[in-house]
Amino acid sequence: MSSQISPHVRVRFAPSPTGYLHVGGARTALYNYLFAKKNGGEFILRIEDTDEARSTEESLRGVVDDLVWLNLLWAEGVDPVTLKDQGPNGPYKQSERMHIYKKIAEQLLNEGKAYYCFLTDAEIEQQREAQMKAGQQPHVQSPYADWTLDQAKAKMAEGGTAPVIRFKTKHLKKDYVLNDLVRGEVKFPSDMVGDFVLLRGGGMPVYNFCCVIDDHLMKMTHVFRAEEHLPNTLRQMMIYEAMGWQTPQFGHMALILDEDRQKLSKRKGAVACGQLKDEGYLPSAVLNFIALLGWSHPDGKEIMSVDDMIKAFDISRLNPSGAIFDRVKFKWMNSQHLRALPNTELWKAIQPFLAREKMELPSDPVWQDKSLNLFKPYMEILSDAIELYRPLNDNSYVILPEADEAMKWEATKAVLTAWKELVAAHPSDYMTEEEFLKIQDEVKNKTGAKGKNLFMPIRVAVIGKPHGAELKILVPLMKKSSLVARAEKALATIA
RNA sequence: GUUCCCAUCGUCUAGGGGCCUAGGACACCUCCCUUUCACGGAGGAUACAGGGGUUCAAAUCCCCUUGGGAACGCCA
């Protein structure tokens with residue numbers, strides 16, 4: 001497990017714009033980013049859009065926006081605003097690098113390291129079934145592997161469906177050894193893979209081919225990616241070898257799994273970064289949480305900023321076993337980040353959520369600050385602000401079923417009546433904490449109710465439920481007129 | 001099916017031969033704080049998958065078994 005670091009570290013994140021950024025991808029991006037920052041290197045964004053059918057501009061936009069949201073910014077790649085190429089080693093969109101791939105495919109063809117293959121899908125499927133039945137790993141056995149270029153060209157001249165170009169694995173050495181940065185020595189038998197496609201029938205190159213060429217041409221020194229790419233790495237090592245290029249150092253991180261221990265899949269759609277944002281997670285919490293899914297701080301520190309992570313990041317602490325994405329702990333972690341935020345920033349952060357519910361709250365910064373001090377301990381995710389602030393928003397007072405019991409108590413009616421009258425008689429729009437306590441005391445004297453018999457009905461008359469934030473702080477945040485209206489409404493339900 | 005990868009509390013993990021009667025965090029339970037609920041604080045319960053080696057000594061190294069995962073594409 002060598003961790004030799006070459007003088008100038010260059011790493012990349014290479015998403016395919018075929019969906020949204022999911023947490024697995026975000027973590028890959030994060031580790032690459034941390035590694036680059038830790039070593040004073042460069043983090044590059046490359047767009048792997050060779051799947052014409054599934055790649056969309058909209059998806060690229062989404063992925064880029066998500067990376068920007070996470071503040072995982074790149075030195076080269078596409079401009080985050082215009083999505084145009086940016087940097088000295090471009091183009092960074094593979095769809096714009098066709099001429100490069102074609103040239104190299106031709107070179108391999110001429111050197112006899114690749115060949116035109118005319119096998120049809122049906123023939124391949126047949127082989128596959130037969131091999132599976134025989135207990136073998138299904139690999140293409142192409143009868144065209146040993147054809148000369150002239151033979152192939154003659155067949156192409158006849159017309160028919162365009163052939164693919166396959167990489168010839170037959171004459172390669174028996175075993176390949178990968179010194180993986182996270183899992184140590186991995187031995188691959190070369191017959192683990194068959195003759196794989198380099199260029200599709202339409203001339204479009206395929207992932208493994210582009211990846212090697214681009215990593216080499218873009219001077220990548222390290223490649224950190226998910227474990228599912230391990231077999232691809234064998235294919236890629238073969239191409240590096242065929243081209244006489246030096247491989248970058250590879251590190252394959254374990255997968256992030258669903259609760260059912262299966263690979264987190266974007267097809268399941270439950271773990272898109274955009275969705276996390278909508279649910280009210282802070283980017284700093286997302287980063288913090290996913291960082292700890294496969295990596296740990298040497299001091300066991302759990303709550304950290306990206307700067308903390310950069311300082312402590314060390315690939316020797318990357319864990320080779322898979323991790324389940326635990327939403328409960330994730331939520332807790334978000335609450336920790338949220339509480340660390342200054343009130344002014346938190347206020348800004350919750351605005352989109354309050355706006356979503358068309359809530360209008362006082363613009364007084366002192367009021368905002370006080371309300372946040374009160375509600376912060378109740379918030380785990382930003383969207384929690386909605387239900388927290390709703391009671392402070394006029395016209396949204398409802399008595400919840402959980403309040404029923406308190407509303408049935410003997411003293412309740414008297415308490416509510418006294419409360420309503422005393423609040424109505426209050427001289428100003430808002431009351432102070434002291435004034436509230438005084439009124440509460442007067443209600444007690446007037447009705448003889450005490451303890452929860454006193455406290456609960458008032459609480460229900462304020463927020464419609466028997467539990468919640470401290471009344472002496474909550475009440476001063478509410479307008480007198482609103483308090484009176486609520487008390488009346490509460491009274492009406494028991495009358 | 002074949003190949004590859006992985007294996008410590010329910011979950012994320014620390015540990016890398018003696019410091020381990022295995023540490024931390026989330027969740028859970030109890031108590032404290034609190035005229036409610038949260039927050040906060042103090043405790044508690046819970047794990048080295050199994051079997052063989054190697055060694056004076058194994059959670060740690062090796063092998064096997066078992067379990068889980070991934071890959072086997074003209075997806076990336």
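Worth saying up front: this structure is predicted, and the values here are computed from it rather than measured. Lettering follows sequence order; numbering is per chain, from 1. Note: hydrogens, waters and symmetry copies are ignored here, and every other heavy atom, side chains too, is used.
- Note on residues 468-477 of chain A: pairs passing salt bridge (charged side-chain N to carboxylate O under 4.0 Å, His left out), not counting sequence neighbours, are A:Glu433-A:Lys472, A:Glu470-A:Lys472.
- Rounded to the nearest Å, the gap between the C1' atom of B:U65 and that of B:A7 is 13 Å.
- Between B:G69, B:C12, B:A76, one nucleotide has an atom nearer to the side chain of A:Gln262 than all others, and that is B:G69.
- Under the 6.0 Å cut-off for aromatic ring centres, A:Phe196 and A:His139 do not qualify, their centroids lying 6.0 Å or more apart.
- Of all nucleotides listed (B:C72, B:A38, B:C5), B:C5 comes nearest to the side chain of A:Glu227.
- In this structure, A:Lys103 is not positioned above the aromatic face of A:Tyr101 in the sense of NZ or CZ being under 6.0 Å from the six-membered ring centre and within 45° of the axis.
- Not counting sequence neighbours, A:Thr161 has no partner by the side chain to side chain contact (heavy atoms under 4.5 Å, CB included) test.
- Listed by residue number, the members of residues 125-134 of chain A with any heavy atom below 4.0 angstrom from RNA chain B are A:Arg128, A:Met132.
- Residues that satisfy the side chain to side chain contact (heavy atoms under 4.5 Å, CB included) test with A:Leu257, not counting sequence neighbours, are A:Leu255, A:Arg261, A:Ile324.
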Quick one, give me the B/S/- string for nucleotides 20-27 of chain B, reading 5' to 3', where B means a protein heavy atom under 4.0 Å from the base and S means that only happens at the primed atoms, P, OP1 or OP2.
----BBSS
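- The nucleotide whose nearest atom lies closest to any side-chain atom of A:Ile324 is, among B:C4, B:C37, B:U11, B:U11.
- A:His297 is linked by a side chain to side chain contact (heavy atoms under 4.5 Å, CB included) to A:Trp295, A:Asp299, A:Lys301, A:Met304, A:Ala312, counting only residues two or more places apart in sequence or in another chain.
- Rounded to whole angstrom, the span from the CG atom of A:Leu234 across to the P atom of B:C5 amounts to 12 Å.
- Between A:Gln137 atom CD and B:C72 atom C1' the separation is 5 Å, expressed in whole Å.
- Of the listed nucleotides (B:G69, B:C74, B:C72), B:C74 has the atom at the smallest distance from the side chain of A:Val164.
- The listed nucleotides are B:C72, B:A14, B:C74; the one nearest the side chain of A:Arg317 is B:A14.
- Straight-line distance from the NZ atom of A:Lys331 to the C1' atom of B:U11: 16 Å, rounded to whole Å.
- Checking the phosphate oxygens (OP1, OP2) of B:U13, no side-chain nitrogen or oxygen of A:Ser296 falls inside 4.0 Å.
- For A:Lys174 and A:Asp191, the salt-bridge test fails: no basic side-chain N is under 4.0 Å from an acidic carboxylate O.
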